[in-house]
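Structure first, commentary second.
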Amino acid sequence: MRRTVLALGLALAAGSMALTPAASAEEGDAAAGKKVFRKCQACHTVQEGKHRQGPSLYGVVGRKAGTAEGFKRYSDAMKAHDVVWDAESLSTYLENPKEAVPGNKMIFVGLKDAQDRADIIAYLKQAAE
Ligand code: HEC
């Protein structure tokens, strides 16, 4: 009897794990992204108009690169970077900032984990809602 109960318990545990939706790389998980954002906080906020060493990232998804209002310290490279930030371009930039936008001034090694990048992009989207 004991053994049956144990087996049932294990089956239930396995079942509930399978039911928990795992965030896919494309979707991203904003709550997890908030934690990853700790790596950015020394230089960035997600509050509108609140700049630090780096520009405010409020509304950055959908914004042309190098155009946060009131931020005066963009490099020429970033101002000339002709993209409207979306999930794809942000992911490329955050993976390797130096390579994606040569000459840009963000001193950051990059987020090597694709899931971290998807999560942070989900967080940045949510923070502007
Ligand atoms: C050491 C400071 C620093 C850190 C850490 C940092 N950034 Fe930056 N970031 C900057 C600076 C400075 C710029 C402006 C770069 C330029 O103009 O060349 C920038 C620019 C950006 C831009 C382009 C913004 C725009 O308005 O076009 C994005 C997006 C960005 N950072 C995201 C992030 C994320 C996400 C993280 C964390 C994973 C991060 N940064 C970590 C300093 C930093």
Side-chain angles (χ1 to χ4, degrees):
M1 181 60 199
R2 252 228 207 109
R3 197 171 271 179
T4 320
V5 171
L6 184 65
L8 189 64
L10 284 176
L12 282 174
S16 65
M17 265 191 270
L19 286 175
T20 313
S24 79
E26 298 88 64
E27 275 171 31
D29 173 353
K34 188 173 181 179
K35 291 192 189 128
V36 184
F37 192 71
R38 290 186 192 138
K39 296 186 179 176
C40 326
Q41 268 171 346
C43 305
H44 292 287
T45 77
V46 290
Q47 285 139 279
E48 197 171 3
K50 194 154 179 234
H51 308 303
R52 290 193 175 149
Q53 190 181 328
S56 160
L57 296 181
Y58 176 86
V60 71
V61 183
R63 184 168 82 200
K64 155 99 180 56
T67 60
E69 218 183 307
F71 185 74
K72 310 272 186 241
R73 292 189 299 270
Y74 280 117
S75 61
D76 291 341
M78 187 57 81
K79 284 190 278 192
H81 190 52
D82 195 17
V83 303
V84 172
W85 292 123
D86 62 7
E88 210 186 317
S89 54
L90 279 171
S91 185
T92 307
Y93 178 56
L94 294 176
E95 183 176 10
N96 190 340
K98 239 191 203 165
E99 218 167 74
V101 184
N104 92 102
K105 289 196 301 195
M106 172 155 122
I107 313 294
F108 183 70
V109 289
L111 290 173
K112 300 305 169 204
D113 187 308
Q115 188 65 56
D116 281 354
R117 296 195 301 274
D119 290 348
I120 213 160
I121 291 161
Y123 172 67
L124 290 174
K125 271 189 200 159
Q126 194 196 58
E129 275 167 10

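Each residue takes its place number in the sequence, starting with 1. One-based numbering, in listed order, for ligands and for the atoms of each.
Those atoms of ligand 1 that come under 4.0 Å of a heavy atom in Gln53, given as number and element, are 12 (C). For ligand 1, the atoms lying closer than 4.0 Å to a non-hydrogen atom of Gly66 are 25 (C), 26 (O), 27 (O). For ligand 1, the atoms sitting less than 4.0 Å from at least one non-hydrogen atom of Ser75 are 16 (C), 17 (O), 18 (O), numbered in the order shown with element in parentheses. Close approach to Ile107 involves these atoms of ligand 1, each under 4.0 Å from a residue heavy atom: 1 (C).
Residues forming a side-chain contact (heavy atoms from CB on, under 4.5 Å) with Ala80 (at least two apart in sequence, or on another chain): none. Applying the salt bridge (Lys or Arg N to Asp or Glu O under 4.0 Å) test to Glu95 and every residue at least two apart in sequence or in another chain returns Arg117.
Heavy-atom neighbours of Gln47 CD from other residues, nucleotides or ligands within 6.0 Å: above the threshold of 12. Counting non-hydrogen atoms of neighbouring residues, nucleotides and ligands closer than 6.0 angstrom, the NZ atom of Lys98 reaches no more than 12 such neighbours. Residue Glu99 places its CD atom among 12 or fewer non-hydrogen atoms of other residues, nucleotides or ligands, all under 6.0 Å distant. Counting non-hydrogen atoms of other residues, nucleotides and ligands closer than 6.0 Å to NZ of Lys112 gives a total above 12.
By the 4.5 Å heavy-atom criterion applied to side chains, His44 and Ser56 are not counted as neighbours.
The set of protein atoms (N, O or S) found at less than 2.8 Å from atom 8 (Fe) of ligand 1 reads His44 NE2, Met106 SD, by chain and number.
Compare Tyr74, Tyr123, Tyr93 by their heavy atoms: the one nearest to atom 20 (C) of ligand 1 is in Tyr93.
Within the 3.5 Å criterion, the main-chain N or O of His81 finds a donor-acceptor partner in the side chain of Lys64. With hydrogens and angles disregarded, no donor-acceptor distance shorter than 3.5 Å links the side chain of Ser91 to the backbone of Glu88. No donor-acceptor distance shorter than 3.5 angstrom exists from the side chain of Asp29 to the backbone of Asp119, with no hydrogens or angles considered. A donor-acceptor contact shorter than 3.5 Å links the side chain of Arg52 to the backbone of Gln41.
The proximity of Leu94 to ligand 1, defined as any non-hydrogen pair under 4.0 Å, is limited to the side chain. Neither the backbone nor the side chain of Val101 has a heavy atom within less than 4.0 Å of ligand 1. Contacts between Lys39 and ligand 1, counted as non-hydrogen atom pairs separated by less than 4.0 Å, involve the backbone only. Under 4.0 angstrom from ligand 1, the non-hydrogen atoms of Arg63 all belong to its side chain.
Under a 4.0 angstrom heavy-atom cut-off, Phe37 registers as lying outside contact with ligand 1. The shortest separation from a heavy atom of Ala77 to ligand 1 is not under 4.0 Å, leaving the residue out of contact.
For the pair Trp85 and ligand 1, the shortest N or O to N or O distance falls below 3.5 Å.
Connectivity analysis of hydrophobic side chains (ILVMFWY, heavy atoms under 4.5 Å, direct or indirect) links Val83 to Val36, Phe37, Val46, Leu57, Val60, Val61, Phe71, Tyr74, Met78, Trp85, Leu90, Tyr93, Leu94, Val101, Met106, Phe108, Leu111, Ile120, Ile121, Tyr123, Leu124.
Among all non-hydrogen protein atoms, the one lying nearest atom 29 (C) of ligand 1 is Leu90 CD2, 3.5 Å.
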